[in-house]
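FYI, the numbering just counts along the sequence from 1.
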Amino acid sequence: MLGNFVIAAGGASQYSTIIILVIFLALMYFLMLRPQQKQQKKHKDMMSELKKGDHVVTIGRLHGVIDEINDADKTVTLDCDGIYLVFDLRAISTVTAQAPAAVTAPVAAATSEAASDDQPAESAADSADTADSAAADDGSDKDDAAK
């Protein structure tokens with residue numbers, strides 16, 4: 001009778017080992033493999049939407065603007081401040097959301113507005129300084145002529 005109990009207990013331990021193994025594999029899938037697959041799909045979608053004029057960052061952290069995409073060779077030509085570089089499409093890490101020119105344009109507009117507001121006051125001061133210097137020059141010419 002004791003022998004039957006040991007055999008039954010051994011069968012239960014086999015099932016629990018299989019259940020633990022299945023749970024471990026399920027956890028590994030949901031914690032490691034599934035997020036990686038989602039990330040790969042997101043990157044593939046981003047790569048399929050690339051077009052000329054997009055601002056991108058390479059895996060070497062080089063920023064540039066796409067000038068040309070060659071699907072046959074799977075290469076992309078980037079314009080990096082007038083220097084044209086050819087990379088594999090796999091070298092594109094991210095597409096930046098904002099263009100650098102769009103970021104600097106409002107700042108330049110704000111400074112030009114501030115300069116135009118300040119300009120009449122400065123112009124009046126500059127014209128007064130110019131008139132004073134002209135009067136000083138006239139006086140010195142008279143002094144030179146008198147000598």
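- When the side chains of ILVMFWY residues are joined at heavy-atom separations under 4.5 Å, either directly or via intervening members, I66 and L85 end up in a single hydrophobic cluster.
- With rounding to the nearest 0.5 Å, the separation of CG in L21 from OG in S16 is 11.0 Å.
- A donor-acceptor contact shorter than 3.5 Å links the side chain of D54 to the backbone of K51.
- With rounding to the nearest 0.5 Å, the separation of OG1 in T58 from NE2 in H63 is 8.0 Å.
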Between L89 and L50, is a side chain to side chain contact (heavy atoms under 4.5 Å, CB included) present by the stated rule, with each step listed?
CA-CA 10 Å; L89 276 174; L50 286 177; 4.2 Å; yes

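- Put simply, I18 and I23 are part of two different groups of oily side chains (I, L, V, M, F, W, Y) that touch within less than 4.5 Å, one to the next.
- Separation of atoms CG (D67) and OG1 (T77) is listed at 6.5 Å; rounding is to 0.5 Å.
- The CD atom of Q37 lies 6.5 Å from the CG atom of L33; values are rounded to the nearest 0.5 Å.
- Across all their heavy atoms, L31 and P35 have their closest contact at O-CG, 3.8 Å.
- Two residues are said to be in side-chain contact when any heavy atoms from C-beta on lie closer than 4.5 Å; T96 and V56 fail this criterion.
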Start with the C-alpha distance between H43 and Q40, add both sets of side-chain angles, then the distance that settles side chain to side chain contact (heavy atoms under 4.5 Å, CB included), and finish with yes or no.
CA-CA 5 Å; H43 187 69; Q40 285 175 346; 5.8 Å; no

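- Atom NE2 of H55 is separated from atom CG of L78 by 11.5 Å, given to the nearest 0.5 angstrom.
- Between D88 and V76 the shortest heavy-atom distance is O-CG1, 4.1 Å.
- If you chain together hydrophobic residues whose side chains sit under 4.5 Å apart, F24 and I19 never meet in one group.
- Listed here is the closest heavy atom pair of S93 and R61: OG-NH1, 3.4 Å.
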Verdict with reasoning, I69 to K52, per side chain to side chain contact (heavy atoms under 4.5 Å, CB included):
CA-CA 7 Å; I69 299 174; K52 183 176 180 176; over 6 Å; no

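- Using a cutoff of 4.0 Å between basic side-chain nitrogens and carboxylate oxygens, D45 and K42 are not scored as salt-bridged.
- When all heavy atoms of M47 and R90 are compared, the closest pair comes out as CE-N, 4.4 Å.
- Heavy-atom minimum distance, G64 versus C80: CA-SG, 4.0 Å.
- Going from atom CG of L62 over to atom CD1 of I92 covers 9.0 Å, rounded to the nearest 0.5 Å.
- In this structure, D79 contributes its side chain and G82 its backbone to a donor-acceptor pair below 3.5 Å.
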Verdict with supporting geometry, F87 and I59, side chain to side chain contact (heavy atoms under 4.5 Å, CB included):
CA-CA 10 Å; F87 290 96; I59 56 176; over 6 Å; no

